Number of protein chains: 2
Amino acid sequence: MTVSKAAGKSSEKPAETAKGRKDVAEAQPEALQLGELSEQLGYILKRAQLKVFENFLRCMASLQLTPAQFSVLLLVEKNPGRNQTEIASTLGILRPNFVAMLDNLESRDLCARIRSTNDRRSHILVLTDKGKAVLARARKLAATKHEARLNDLLGQANREALIAMLSKIASEF
Amino acid sequence: MTVSKAAGKSSEKPAETAKGRKDVAEAQPEALQLGELSEQLGYILKRAQLKVFENFLRCMASLQLTPAQFSVLLLVEKNPGRNQTEIASTLGILRPNFVAMLDNLESRDLCARIRSTNDRRSHILVLTDKGKAVLARARKLAATKHEARLNDLLGQANREALIAMLSKIASEF
DNA sequence: GAGATTTGATATGGTCCATAACAATTATCA
DNA sequence: TGATAATTGTTATGGACCATATCAAATCTC
């Protein structure tokens with residue numbers, strides 16, 4: 001499919017000076033026909049995902065947390081004592097790419113790497129006090145400003161049905 | 001959230017020599033707890049999207065079409081006589097990034113740029129005969145091998161409900 | 001006709017994703 | 001025990017995708 005961000009301003013000037021118009025009837029030449037595209041699963045799924053991430057970033061602007069970083073903090077808190085490989089692979093992140101991510105979180109004092117005494121190759125991951133505090137605030141922002149939008153948009157029952165279907169796709173498609 | 005591809009082999013050797021096991025009870029130390037993550041809209045949405053794209057690529061392997069390329073062919077066919085800017089912006093692709101994409105499709109003789117006689121700045125996009133033939137085959141593959149999976153997985157009614165909800169998110173979130 | 005705007009294009013930088021390779025450490029097992 | 005294999009975190013590197021600035025040619029505006 002396609003669908004990028006292009007978050008910028010859409011420059012939708014109301015512009016009474018509409019460019020195209022055959023002067024009489026002849027509908028607006030603008031606005032292409034999406035056709036089958038609007039029913040292509042991948043296309044609509046990607047567009048929805050971009051919108052959701054975009055909204056997430058706005059909601060977390062005060063904490064400067066990306067979706068990926070939020071998922072790391074959540075997983076480390078829920079699974080204390082795990083090493084980088086375990087956390088990364090659970091999230092679908094390759095170990096090499098997880099290094100820079102942790103460097104970032106650690107430099108902001110949100111989490112820490114601790115050399116394991118059992119296996120001195122591995123780094124045990126833990127949240128710092130600041131990390132726990134930030135996560136608590138992030139969790140609240142996500143719930144009230146982000147996830148709540150889904151209820152406003154779809155209603156509680158539909159929201160749950162949506163999550164269930166997406167989970168099924170994620171695990172069985 | 002996170003979620004990359006890491007499509008590779010998961011190397012799930014049945015391995016009777018399971019690594020962790022406290023010898024008695026003590027469940028498997030493997031498998032982390034996802035916790036709230038499994039209900040985070042963005043996380044599950046991204047994972048589902050990756051799975052769907054992955055499957056799409058497999059289904060289109062014989063035609064070597066990516067989701068983005070497929071969407072371009074669909075849109076050009078449905079909207080003959082449009083220029084690059086119109087097609088690109090409809091798909092959320094920035095014009096500079098659309099150039100290489102068209103170079104690719106054109107080099108494979110799937111579509112062609114035609115200098116407009118009205119406005120000699122713009123390139124009118126059309127599908128070549130080969131492009132139409134490939135699209136026809138792609139459309140069939142997508143319908144029978146890709147989209148059909150959704151029905152198998154969710155059922156017709158749920159599939160339609162899912163598409164509708166995603167569309168709503170894509171346009172109103 | 002001068003200046004602003006649009007179109008396709010190039011150059012460039014950022015982010016994310018994937019693979020190979022390496023040193024340190026640990027596991028295997030002959 | 002000791003040589004070899006495997007694992008962990010890491011670096012280096014390349015590819016794909018995304019975004020911005022800038023340009024020449026053509027068109028529009030007035």
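Source: prediction; values computed, not measured.
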Quick one: list whatever passes side-chain hydrogen bond (donor to acceptor under 3.5 Å, both in side chains) with A/Glu39, sequence neighbours left out.
none
For DNA chain D, find the residues of residues 114-127 of chain A with a heavy-atom distance under 4.0 Å and give them by number; none if there aren't any.
A/Arg121, A/Ser122, A/His123
How would you list, by chain and number, every residue that makes a side-chain hydrogen bond (donor to acceptor under 3.5 Å, both in side chains) with B/Gln84, sequence neighbours excluded?
B/Arg113, B/His123
Check the phosphate of D/dT7 against A/Thr85, side-chain N and O only, distance under 4.0 Å to OP1 or OP2. Yes or no?
no
Could you tell me if the side chain of B/Leu37 sits less than 4.5 Å from the side chain of A/Leu91, heavy atoms only?
yes
Going by the rule side-chain hydrogen bond (donor to acceptor under 3.5 Å, both in side chains), which residues pair with B/Gln156 if we only count those two or more places apart in sequence or in a different chain?
B/Asn151, B/Glu160
For atom CD1 of B/Ile87 and atom P of C/dT6, their distance in whole Å:
19 Å
Quickly work out the A/Arg95 CZ to C/dC22 P distance and round it to whole Å.
18 Å
Under the salt bridge (charged side-chain N to carboxylate O under 4.0 Å, His left out) test, which residues partner B/Arg121, sequence neighbours left out?
B/Asp119
Applying side-chain hydrogen bond (donor to acceptor under 3.5 Å, both in side chains), can you list everything that pairs with B/Asp109, at least two apart in sequence or on another chain?
none
Does C/dA9 have OP1 or OP2 under 4.0 Å away from a side-chain N or O of B/Arg113?
yes
Atom CG of A/Leu102 and atom P of D/dG9 are separated, to the nearest Å, by 9 Å
note: B/Asn97, atom CG; C/dA11, atom P; distance rounded to Å ~ 14 Å
Nearest-Å distance for atom pair CG/C1', residues B/Leu94 and D/dT22:
15 Å
To the nearest angstrom, the CZ-C1' distance between A/Phe53 and D/dC18 comes to 15 Å
Nearest whole angstrom, please: distance from the P of D/dA19 to the CD of A/Glu54.
9 Å
Rounded to whole angstrom units, what separation is found between the CD atom of B/Gln49 and the P atom of C/dC17?
11 Å
